[in-house]
Amino acid sequence: MPNSDHEKNRVAWNEMVEVHWDHPNQKRKEFLNGWCSLKSIELDAVGDVHGRSLLHLMCQFGMDTLSWARRGAVVTGVDISDRSIKRADELKKLARLDATFVRSDVLDLIGVIDQQFDIVFQSHGTHCWISDMDKWARVVAHYLKPGGVFFIVDDHPIICIREEPPNSYLHKEPIRYSGEPDYCDREHIIETERVEFQHPLSQIVNALINAGLTIEHLGEYDKGYYPIRADWYEKDGYWYPPGGPPMYPLMFSLKARKPQS
Ligand SMILES: C[S@@+](CC[C@H](N)C(=O)[O-])C[C@H]1O[C@@H](n2cnc3c(N)ncnc32)[C@H](O)[C@@H]1O
């Protein structure tokens with residue numbers, strides 16, 4: 001039985017991916033001319049991927065997945081949105097790269113892909129869509145080879161205090177909204193209901209520990225991966241509010257490893 005909140009998000013993401021596909025901020029043309037969509041945090045942390053198998057969870061139309069492929073990884077991307085996977089397959093063909101794209105809810109993935117990976121990767125705008133972090137962490141652990149590495153870089157959950165009105169960092173109920181702008185194209189209103197989930201950092205970390213992974217590094221950053229508001233400025237591929245770096249983190253990263261046995 002599909003998760004009904006995730007199903008709502010699938011429908012919303014089918015609409016959002018079409019908005020993003022053609023949006024200049026997403027730099028599709030630049031990507032097809034060789035530009036790498038990966039940023040310094042993940043490139044430095046994941047390192048050399050040449051010849052390594054990589055599973056990208058919640059990949060949208062696969063630009064990051066394909067950027068890893070350009071660096072020599074053997075990649076598989078997963079997303080709940082059928083339109084995202086269709087666009088990812090299209091981008092793969094346009095870029096003449098090899099990749100496998102699979103449509104699945106991340107929480108239902110076990111049994112859909114029958115393989116383990118050297119690297120499981122997830123980035124930028126993802127944990128907020130997952131209703132059950134313990135189940136998610138078990139999926140991550142399941143797909144790692146012994147000794148394999150999981151890396152995530154994403155919104156820091158403390159950014160909930162930027163919402164208007166602010167949300168509690170420890171908020172437990174699903175957050176439902178509709179009629180809100182798309183984050184990439186603020187002129188485009190997404191009428192479909194979306195459902196997000198607030199996960200404090202402790203919940204994410206503990207879920208991975210309980211799934212058997214060893215945390216090797218936790219990072220916090222006073223910069224964002226996209227302009228949260230129109231007046232933010234860019235420096236070295238990251239984004240800052242007009243007054244400069246804020247007094248709290250905008251992103252976190254986490255590197256974890258599956259023990260050898
Ligand atoms: C902000 S986008 C991620 C962008 C991504 N970092 C990239 O490389 O383009 C979030 C993605 O998560 C997907 N998603 C949301 N809920 C999901 C779920 N339960 N399982 C799998 N994918 C999901 C959406 O369809 C969307 O493509």
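Indexing begins at 1, ligand by ligand and atom by atom, following the structure's order. Values in this document were obtained by computation on a predicted structure and should not be read as measured data.
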Taking non-hydrogen atoms only, is [X] closer than 4.0 angstrom to ligand 1 via side chain, backbone, both or neither?
X      : answer
His6   : side chain
Met63  : neither
Tyr225 : neither
Asp105 : both
Ser37  : neither

Within a distance under 4.0 Å of any heavy atom of [X], pick out the atoms of ligand 1 and give their elements.
X      : answer
Asp64  : 8 (O)
Trp129 : 15 (C), 16 (N)
Tyr183 : 1 (C)
His56  : 8 (O)
Ser104 : 20 (N), 21 (C)
Cys59  : 7 (C), 8 (O), 9 (O)

Next item on the list: Verify whether one side chain among His6 and Ser131 offers a donor that lies under 3.5 Å from an acceptor in the other.
Entry: yes

Check: Given Leu38, Asp155, Ile80, which one has a non-hydrogen atom that is nearest to atom 17 (C) of ligand 1?
Finding: Ile80

Next item on the list: Identify which of Ile130, Asp79, Val17 has a heavy atom lying nearest to atom 27 (O) of ligand 1.
Entry: Asp79

Note to self: When you compare ligand 1 with Val78, is there at least one nitrogen or oxygen pair between them that comes in under 3.5 angstrom?
What the structure shows: no

Checklist line | Ser123, any N or O under 3.5 Å of ligand 1 N or O | finding: yes

Notebook entry, point to check: Do Lys27 and Trp35 meet the cation-pi criteria used here (NZ or CZ under 6.0 Å from the six-membered ring centre, within 45° of the axis)?
Noted result: yes

Notebook entry, point to check: Honestly, is Arg257 close enough over Phe151, meaning NZ or CZ under 6.0 Å from the six-membered ring centre and within 45° of the axis?
Noted result: no

Next item on the list: Using the six-membered ring wherever Trp is involved, compare the ring planes of Tyr225 and His124 and label them parallel, tilted or perpendicular (cut-offs 30° and 60°).
Entry: parallel

Next item on the list: Determine, for Arg176 against Asp5, whether the closest basic-nitrogen to carboxylate-oxygen distance falls under 4.0 angstrom.
Entry: yes

Distance flag, aromatic centroids of [Y] and [X], threshold under 6.0 Å:
X      : Y      : answer
Phe252 : His127 : yes
Tyr183 : His20  : yes
Tyr240 : Trp232 : no

Item checked: Step-by-step ring-ring contact (aromatic ring centres under 6.0 Å, His included) determination, Phe117 to Trp68 -> CA-CA 14 Å; Phe117 296 83; Trp68 287 120; over 10 Å; no

